[in-house]
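The sequence lines fix the lettering, A, B, ..., with proteins before strands; numbering per chain opens at 1. Just the heavy atoms: all of them, side chains too, but no hydrogens, waters or symmetry mates, feed the values below.
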Amino acid sequence: MTFQTPASLQEAARQEWARIQTLPQPLKPRDRLAIPPQEMPAQDPLARAKNMREVALGYFEEQMRVEASRCLQCKNAPCVAGCPVRIDIPRFIAALAAGDPATAIAVIKETSLLPAVCGRVCPQETQCQAPCTVGKSLKSVDKAVAIGRLERYAADWERLQGQAAAPEVAPETGKKVAVVGSGPAGITVAADVRRAGHAVVLFEAFHKAGGVLVYGIPEFRLPKEIVRAELDTLRRMGVELRTNFVVGRTRKVTDLIEKDGFDAVFIGSGAGLPKFMNIPGENLVGVYSANEYLTRSNLMRAYDREHAVTPIHAAQRVAVLGGGNVAMDAARTALRLGASEVHLIYRRTEAEMPARVEEVAHAKEEGVQFHILQNAKRILGENGKVTGIECLRYELGEPDASGRRRPVEIPGSEFQLPMDAVIVAIGNESNPLIEQTTPGLAVDKNGHIVTDENGRTSLPRVFAGGDIVLGAATVILAMGEGRKAAAAINELLRA
Amino acid sequence: MNQILFKEQLAPNVYRLRVHAPLIAEERQPGQFVILQLDTEFGERIPLTIADANLAEGSITLIFQAVGKSTKLLAQMQTGEKIANLVGPLGRPTHIAKFGTVVCVGGGIGVAPLYPIAQAMRRAGNRLVVVMGARSRELVILEPEMRALTDDVVVCTDDGSYGRRGLVTEPLRELCAQTPKPDLAVAIGPPLMMKFCAETTRPFGVPTVVSLNTIMIDGTGMCGGCRVTVGGRTKFVCVDGPEFDGHQVDFDQMIQRLGSYREQERLASAGCNLHDEAVRKGLQE
């Protein structure tokens with residue numbers, strides 16, 4: 001992918017839109033398939049690697065019209081089946097193609113609560129865009145209709161109009177629901193349950209609400225202003241937000257029901273303890289979990305060295321271990337914090353990386369150096385501080401249980417790289433805090449809360465969803481889970 | 001919530017606050033801590049052990065030493081002011097049971113988190129011996145409170161200005177050498193003091209619990225910044241601790257990790273002084 005300036009993308013779209021209008025209307029499928037896919041305008045890679053502002057700038061209006069015109073309006077709408085919250089995608093895209101973003105956002109909001117967030121961070125290429133007929137016809141998922149970018153356009157358009165209308169709330173029922181965790185799952189449940197007229201208290205352990213949207217995903221990928229706007233909408237709906245409240249410690253789940261009068265509890269406490277590699281040197285000074293590194297930079301604002309009290313190492317040479325979206329976020333954050341070299345070390349190949357293609361491309365454009373088929377064997381240190389990393393080379397062997405070819409180490413292939421910080425981004429284990437303090441709550445062998453398909457746990461009136469149930473997943477999957485649990489809670493409280 | 005109800009200075013740079021936090025007061029148990037932050041946008045989150053609680057008042061007691069940027073700011077706050085963010089109680093509570101004879105050893109500010117543990121150990125029917133140490137007389141805190149729990153209180157000062165001259169490890173060694181030896185030692189204080197207490201009790205086989213105060217952000221297991229090596233395995237102080245078997249803790253590594261940001265902290269604290277110096281120089285020139 002070569003970088004194209006926003007101005008050139010806008011000019012090309014302007015010309016294309018003019019061309020489209022000369023075609024006989026309505027457009028034939030053949031004409032639609034001939035329209036070039038619209039690239040997302042972005043900040044210049046070299047400039048953006050030194051600032052925290054959002055990388056992807058959003059479509060120009062001309063680009064939106066052109067991209068929306070690519071949609072074939074399939075009757076069977078395979079895209080909708082690919083969306084965890086079943087947005088009526090063809091209908092909102094038709095509205096955009098007609099130049100009516102107000103209708104488009106209204107359609108999206110019938111089913112999705114956080115379009116400005118999902119339009120930015122959803123893995124559309126494996127969800128709605130994967131089965132897109134346009135992509136299939138052009139034999140590349142990269143050429144599918146850019147549903148996510150169009151969703152973002154509609155959501156941003158609404159936000160720029162001023163305060164978005166808060167969803168309507170049914171008359172008060174007198175019932176009360178506790179929602180534990182203010183990330184994507186919790187936000188969804190809070191909104192859906194509140195809409196049914198139940199009082200909702202949303203509990204957050206940190207001093208700021210938003211969960212992973214605030215502590216995990218960096219500003220340059222999801223501006224915190226957007227998260228704040230979504231939380232404000234919840235407040236205007238009458239949801240009470242209680243920060244600095246660790247359910248399980250400040251109050252136990254069972255006490256919320258038995259002592260505090262909540263009629264139901266939803267647990268959406270999110271990802272848990274960071275995994276480490278269990279290699280020598282992991283507790284040296286300068287070794288971070290990605291959770292810690294990102295939380296220091298995002299939530300605690302360590303990137304703002306002038307104002308923030310929370311420190312972060314000003315490392316020059318940084319190794320990031322892992323190949324997921326969190327690894328990309330950590331690597332790109334390290335660049336923005338002033339690292340001169342960032343090395344991403346992953347033991348399989350790029351094809352197996354769990355990160356989104358777009359995130360990988362962005363990281364490369366910004367100068368992150370990829371080391372594939374390599375893995376850290378030990379972290380080297382002097383006087384307790386990181387000085388380097390010893391890696392092993394791998395080759396791909398037979399497919400493993402996940403269907404991916406298993407990386408096999410090449411004996412004797414050790415080599416060392418000097419480093420002054422190492423960030424471990426290989427996922428999370430479930431957080432034991434709620435399980436430990438909630439007798440009778442069933443969890444599986446990995447510590448994830450066991451639920452039925454509607455989010456019901458082994459305890460009456462207690463529901464769960466998001467990463468605490470799924471393990472590490474995505475924002476939209478957590479929202480989908482939350483949506484089902486909210487429906488089950490509303491059903492329970494109707495009785 | 002979070003108002004400072006009462007503030008007093010216990011020793012040079014050591015302060016006691018009672019803070020309105022009814023939920024934490026109700027739930028807290030000995031050994032647990034809170035995390036506080038003085039500025040929601042840019043403040044740091046610092047863990048402080050809960051020294052006491054008053055259910056009637058709905059308050060918790062925090063005792064801290066003004067050493068870093070945030071604790072210095074906290075020391076400047078007045079009665080009636082509110083702490084922006086206060087969360088807890090965090091960490092696993094102390095295992096309280098009837099062990100027999102329990103020696104509670106506190107060093108400096110570590111006497112504060114030791115107090116509720118000593119209190120609970122006494123209530124559980126243990127014979128309680130308290131050894132408390134400080135650099136000098138003016139830094140001895142909570143002596144009357146400890147004496148109200150037990151007649152067996154030994155105070156040591158490094159400079160001999162009060163009580164016994166010397167380190168807490170000396171009376172601890174004498175206690176361990178007695179027959180019967182203590183059934184449990186609980187040592188809380190600076191990392192080096194805890195390390196040497198553990199080394200003192202080790203040859204006598206007296207089980208020794210230490211309470212670690214490492215760098216942490218969330219305090220709920222999410223960041224892993226607080227990790228320590230205990231018995232060769234990585235543990236998180238916030239969810240696995242803060243108390244561990246002192247004979248198993250890798251104190252040297254913990255001390256190194258505590259110093260992770262020493263340079264940044266020095267600069268942050270020195271900021272004001274440098275500025276003052278610059279101003280003075282400016283005036284002279």
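- Atom CG in B:N85 sits 4.0 Å away from atom CG in A:N244 (nearest 0.5 Å).
- Looking at B:R28, neither its backbone nor its side chain comes within 4.5 Å of chain A, counting heavy atoms on both sides.
- Counting heavy-atom pairs under 4.5 Å between each of B:D39, B:T229, B:I24 and chain A puts B:T229 at the top.
- In this structure, A:R251 and B:E27 have side chains that are in contact, with non-hydrogen atoms separated by less than 4.5 Å.
- Residues B:I217 and A:M300 are in side-chain contact: their nearest non-hydrogen atoms beyond the backbone lie under 4.5 Å apart.
- Contacts of A:L294 with chain B are absent, with no heavy-atom separation under 4.5 Å from either backbone or side chain.
- B:L86 touches chain A through its backbone: at least one of N, CA, C or O sits under 4.5 Å from a heavy atom, while the side chain does not.
- Counting all heavy atoms, side chain and backbone alike, A:T250 lies closest to B:P89 at CA-CD, 4.0 Å.
- A heavy-atom distance below 4.5 Å is found between the side chains of B:T40 and A:K208.
- Proximity to chain A involves both the backbone and the side chain of B:E41, based on heavy atoms less than 4.5 angstrom apart.
- Your options are A:N278, A:L273, A:T310, and the one with the most heavy-atom pairs under 4.5 Å with chain B is A:L273.
- If you tally non-hydrogen atom pairs under 4.5 Å between each of A:E292, A:H207, A:R301 and chain B, the highest count goes to A:H207.
- For a residue to count as touching a neighbouring chain, one of its non-hydrogen atoms must lie under 4.5 Å from one of that chain's; by this rule A:R242 touches chain B with the side chain only.
- Atom CZ of B:R202 sits in a crowded spot, with more than 12 heavy atoms from other residues, nucleotides or ligands closer than 6.0 Å.
- Taking chain A as the reference chain and counting heavy-atom pairs below 4.5 Å, the highest number among B:Q37, B:Q32, B:E26 is found for B:Q37.
- Each of B:D218, B:I35, B:T220 was compared with A:F206 under the side-chain contact (heavy atoms from CB on, under 4.5 Å) criterion, and only B:D218 meets it.
- Considering every non-hydrogen atom in both A:S289 and B:C223, the closest pair reads OG-O, 2.6 Å.
- The heavy-atom pair separating B:R257 from A:L284 by the smallest distance is NH1-O, 3.3 Å.
- A:N283 touches chain B through backbone and side chain together, each having a heavy atom under 4.5 Å away.
- Near-neighbour residues of residues 113-121 of chain B relative to chain A, defined by a heavy atom under 4.5 Å from a heavy atom of that chain, are none.
- Only the side chain of A:Q436 comes within less than 4.5 Å of a heavy atom of chain B; its backbone N, CA, C and O stay farther away.
- Of the two parts of A:V287, the backbone and the side chain both hold a non-hydrogen atom closer than 4.5 Å to a non-hydrogen atom of chain B.
- Atom CE of B:M222 is separated from atom CG of A:L299 by 7.5 Å, given to the nearest 0.5 angstrom.
- Listed here is the closest heavy atom pair of A:P274 and B:G221: CD-O, 3.3 Å.
- Of the two parts of B:I255, neither the backbone nor the side chain holds a non-hydrogen atom closer than 4.5 Å to a non-hydrogen atom of chain A.
- With a 4.5 angstrom heavy-atom cutoff, A:L433 touches chain B only via side-chain atoms.
- Contacts of B:R92 with chain A are made by both backbone and side-chain atoms, with heavy-atom separations under 4.5 Å.
- Here the CD1 atom belonging to A:I312 is positioned 12.0 Å from the OG atom belonging to B:S260, to the nearest 0.5 angstrom.
- Heavy atoms closer than 4.5 Å to chain B are found in the backbone of A:N383, but not in its side chain.
- Contact of A:F276 with chain B is made through the side chain alone, with heavy-atom distances under 4.5 Å.
- A pairwise comparison of heavy atoms in A:A205 and B:V87 identifies O-CG2, 3.8 Å as the closest pair.
- For NZ of A:K224, the number of neighbouring non-hydrogen atoms (other residues, nucleotides, ligands) closer than 6.0 Å is greater than 12.
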